[in-house]
Amino acid sequence: MTKKPSIDLIERYGAVFIAVLIVIVLIAQARLLYIFPQPDSARWWGDETGQMLELRTELQDGYARIPTAYGSSLAITNGFVRGNSWFAAAIYGVPALLFSNVADVVVIGRTITFVLSLGLILLMYRMLRASQVPRVLSLSALLLLVSTRSFFFSSHAARLDVAAGIVVLAFVWYLSSRYDALEQSRWRPTLLWYFGYGAAVVVFATLSIHLLTLLGALSLYTVWRFRAFHKLSFIGSAIGGVVVMLGLLIAIYSISGSPFSLYSPSSAPNQFQTVTAELPILRPFSRSVQVANIIERVHGLWVEAPAFLVFIFIAIPLSVLRRASAQKSNTGKWISGSALVIAVAWLLFQSPALYYYIQVLPLFIVWAVMDISKRWKSTLIVNSIVVSICILLCVFAVMDTVRAERTSRKIDRDNHTVIAEALDSVRSNTNSGAPPLVLAQNPAIAMLEHDKRVHLMSAHIVSFPTSSEPIASILLKLHVNYLLLYAAHGGLNYSADYHTLRPIADSIGAVILRKPGVLFDVDRDYFSASALRDESSRDTLILYKLPSIAH
């Protein structure tokens, strides 16, 4: 029985209308690509410039490190685990090398990420349509993703989170096609396939360290569902692919001349070790830890993607009810199982930080929409409801961009103004013809790194020191000429680097410039209408000149 022409027409126009809504949201977001959030935002505090520099340096030196992190272990090496990011270096590092004279590294990185975000949307659509999900529902899924604040932030970041989300989704889609072929006896995995799969997992894990756990969990699921445990040669072949690729990475790392360490040769417990020590999997039977972990992630989803959270709470009961009444396709079974495995890996092996959500959200949305599509009845009322919901999603998403724009432009304008004045002060107070060394906090590092009139030193020495010597002494020995700090509104002691460097600057430095303004996004909500109403909530850039000592 064919559908009535009127329903076909409604579906066609509905799909076109939703596609237009998606374009509207993307354009509204893209307008703020380079100012929202502030480069090296408090959301990830310096990760953008640091990550882009380490990927660019990996191509130059053969291993990842941050060359601006003077006095820090990260200037020596990021360690073997984080120092082998070849896939990421190919995507982000090559453009950073080619266009280093055209734009700063954050601008380059954000451009790449936004293009990847469009690729993620296209991948989701192709995956849904390949599973016979109606166009209206498929496009609604895309709008559900792009309307989230998680997508808004992540697509505007010179970070690897969107790329990791693409890899997770692509692996699940590819493996679902192999599983379907296996179940229909149209394909059998060979020793060579398992070897190649093991090698591929290692290669893609060099894109993001978080893929080690996400792809690792998915691979264990694959081995089980492909019944590879019944034949040890398959397991051995997959392990062989992993070992060969690891051996190649170790060889490259050794040839590069980098000192060997797992993370970095820091004299103090570093950030990576601290994050690892706090993973929920290390306390799997602690009810308080696991309950707090789940509550924190649900709260994060409510803040970043409330529509998604509501959608999931509807989709899960429907999925449970449907299990008793209908059989899923092989592809549907695989994607459902993969989504569950990835969810467990995300809960137990990943930090609950908000910027990691985009790594798993696309897969969860694809699973939920595919599951709901099996109950889809295309009627005028149903299509009208879906289109109405999409209009609401579009309105809320555009309103987010409008609210964020005012705060973003104010921060961008004020920060650029005071940094330009700081650079003028540096030039007027510098007698040497050589570019002075300026230790700066994160809101200034992208601009200073791109300015050839100064040498940038980032504040990594605070968290990743190579010596137990007082930092003040190290700064003098490194011949740091200037210290550029940001004092937050309300006297907030907002970070370890500010807490450490401010007393040092006050004790050994002389203030040559002090400029107020709305300078960075610490303790500021981009989406709050009152974010800029309080005129007293002004930050201060403070530029210190440090004493010079004889070489």
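Because the structure is a prediction, the values reported are computed rather than measured.
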_Is there a side-chain contact between Leu191 and Tyr194 in this structure, where contact means two heavy atoms from C-beta onward sitting under 4.5 Å apart?_
no
*asked:* Could you check whether any side-chain heavy atom of Ser140 comes within less than 4.5 Å of a side-chain heavy atom of Val136, counting everything from C-beta outward?
replied: yes
_Shortest non-hydrogen contact from Ser41 toward Glu48_ = N-OE1, 4.1 Å
*ring pair (Phe, Tyr, Trp, His ring centres under 6.0 Å) with His460: which residues, sequence neighbours excluded?*
none
*Can you list the residues that meet the side chain to side chain contact (heavy atoms under 4.5 Å, CB included) rule with Ser338, with sequence neighbours excluded?*
Val172, Leu218, Tyr221, Trp334
*What are the two closest non-hydrogen atoms of Cys394 and Ile24, and how far apart are they?*
SG-CG2, 4.1 Å
*Do Tyr357 and Ser154 meet the criterion of a side-chain donor-acceptor pair at a distance under 3.5 Å?*
no
*Could you give the distance from CG (Leu160) to OG1 (Thr113), rounded to the nearest 0.5 Å?*
7.5 Å
*asked:* Using every non-hydrogen atom in the two residues, find where Val462 and Ala496 come nearest and quote the distance to one decimal.
replied: CG1-O, 3.7 Å
*Within the distance-only criterion (no hydrogens, no angle test), does the side chain of Ser237 pair as donor or acceptor with the backbone N or O of Ser233 below 3.5 angstrom?*
no
*CZ of Phe396 to CZ of Arg149: how many Å apart, nearest 0.5 Å?*
10.5 Å
*Just checking, is any N or O donor in the side chain of Thr331 or Ser329 under 3.5 Å from an acceptor N or O on the other one?*
no
*Between Ile91 and Leu207, does a side-chain contact (heavy atoms from CB on, under 4.5 Å) hold up when you go through it step by step?*
CA-CA 9 Å; Ile91 297 173; Leu207 177 63; 3.9 Å; yes
_Side chains of Ser73 and Thr466 only: does a donor on one sit below 3.5 Å from an acceptor on the other?_
no
*Do the non-hydrogen side-chain atoms of Leu249 and Val202 ever get within less than 4.5 Å of each other?*
yes
*Would you please indicate yes or no on a ring centroid separation below 6.0 angstrom for Phe234 and Phe229?*
no
*Just by modelled atom types, is the Trp173 backbone N or O under 3.5 Å from a matching donor or acceptor in the Ser176 side chain?*
yes
*Do Leu211 and Thr206 have side chains that get closer than 4.5 Å, going by heavy atoms?*
no
*What's the shortest heavy-atom distance between Ala163 and Leu116, and which atoms?*
CB-CD1, 4.0 Å
*Do we see a donor-acceptor contact under 3.5 Å between the side chains of Gln350 and Thr213?*
yes
*From Asn84 atom CG to Met245 atom CE, the distance as rounded to the nearest 0.5 Å*: 9.5 Å
*Which salt bridge (Lys or Arg N to Asp or Glu O under 4.0 Å) pairs, counting each pair once, include a residue from residues 132-142, with sequence neighbours left out?*
none
*Apply side-chain contact (heavy atoms from CB on, under 4.5 Å) to the pair Ser100 and Val105, showing each step before the final yes or no.*
CA-CA 7 Å; Ser100 59; Val105 290; over 6 Å; no
_Closest approach of Ala75 to Ala69 (non-hydrogen atoms, all atoms of both residues)_ = CB-O, 3.1 Å
*For Tyr34, does the OH atom sit with more than 12 other heavy atoms under 6.0 Å from it, leaving out its own atoms?*
yes
*Could you tell me which residues satisfy salt bridge (charged side-chain N to carboxylate O under 4.0 Å, His left out) with Glu183, sequence neighbours excluded, listed by chain and number?*
Arg227
_For Ile235 against Ala228, the heavy-atom pair lying closest together_ = CG1-O, 3.8 Å
*Output all residues satisfying salt bridge (charged side-chain N to carboxylate O under 4.0 Å, His left out) with Asp180, sequence neighbours left out; order by chain, then residue number.*
Arg186
*Supply the atom-to-atom distance Cys390 SG to Leu144 CG, rounded to the nearest 0.5 angstrom.*
8.5 Å
*Is there side-chain contact between Leu301 and Pro306, with at least one heavy-atom pair below 4.5 Å?*
no
*Side-chain contact test, heavy atoms from C-beta onward, threshold under 4.5 Å: evaluate it for Phe195 versus Val244 and give yes or no.*
yes
*Is the number of heavy atoms from other residues, nucleotides or ligands under 6.0 Å of Tyr13 OH greater than 12?*
no
_Determine whether a donor-acceptor pair (N or O, by modelled atom type, separation under 3.5 Å) exists between the side chain of Gln29 and the backbone of Val146._
yes
*asked:* When you measure from the side chain of His299 to the backbone of Ile295, do you find a donor-acceptor pair of N or O atoms at a distance under 3.5 Å?
replied: no
*asked:* I'd like to check the ring pair (Phe, Tyr, Trp, His ring centres under 6.0 Å) partners of Tyr63; sequence neighbours left out, ordered by chain and number.
replied: none
*Flag, side chain of Arg129 to backbone of Val133, donor-acceptor distance under 3.5 Å*: yes
*For Arg126, does the CZ atom sit with more than 12 other heavy atoms under 6.0 Å from it, leaving out its own atoms?*
no
*Is the side chain of Thr148 donor-acceptor paired with the backbone N or O of Leu145 at a distance under 3.5 Å, no angle test?*
yes
*State which residues pass salt bridge (charged side-chain N to carboxylate O under 4.0 Å, His left out) with Glu58; sequence neighbours excluded, sorted by chain then number.*
none
_Quick check for you: to the nearest 0.5 Å, what is the distance between Ile66 atom CD1 and Thr49 atom OG1?_
9.5 Å
*Contact list for residues 292-303, test salt bridge (Lys or Arg N to Asp or Glu O under 4.0 Å), sequence neighbours left out*: none
*salt bridge (charged side-chain N to carboxylate O under 4.0 Å, His left out) with Arg43: which residues, sequence neighbours excluded?*
Glu304
*For Phe204, enumerate each residue passing the ring pair (Phe, Tyr, Trp, His ring centres under 6.0 Å) test, keeping only those at least two apart in sequence or located in another chain.*
Phe87, Phe171
*Any chance the side chains of Thr77 and Tyr253 put a donor and an acceptor closer than 3.5 Å?*
yes
*Tell me the salt bridge (Lys or Arg N to Asp or Glu O under 4.0 Å) pairs involving residues 164-174, sequence neighbours left out?*
none
*asked:* For Arg287, I'd like to know if atom CZ has over 12 heavy atoms of other residues, nucleotides or ligands within 6.0 Å.
replied: no
*Can you check whether Arg188 reaches Leu182 side chain to side chain, under 4.5 Å on heavy atoms?*
yes
_Could you work out, with ring pair (Phe, Tyr, Trp, His ring centres under 6.0 Å) as the rule, every residue matching Trp193, not counting sequence neighbours?_
Trp187, Tyr197, Phe226
*With rounding to the nearest 0.5 Å, note down the distance linking OG in Ser155 to CD1 in Ile358.*
7.5 Å
*Please test Leu354 against Trp44 for side-chain contact (heavy atoms from CB on, under 4.5 Å), starting from the C-alpha separation and ending with a verdict.*
CA-CA 9 Å; Leu354 297 175; Trp44 39 69; over 6 Å; no
*Would you say the side chains of Ser336 and Trp367 form a donor-acceptor pair under 3.5 Å?*
yes
*Would you mind reporting whether Ser467 and Pro465 have side-chain heavy atoms less than 4.5 Å apart?*
no
_Donor-acceptor pair, distance only, cut-off 3.5 Å: does the side chain of Glu11 make one with the backbone of Asn383?_
no
*Does the pair Trp346 and Val168 meet the rule for a side-chain contact (heavy atoms from CB on, under 4.5 Å), with working shown?*
CA-CA 12 Å; Trp346 174 62; Val168 169; over 6 Å; no
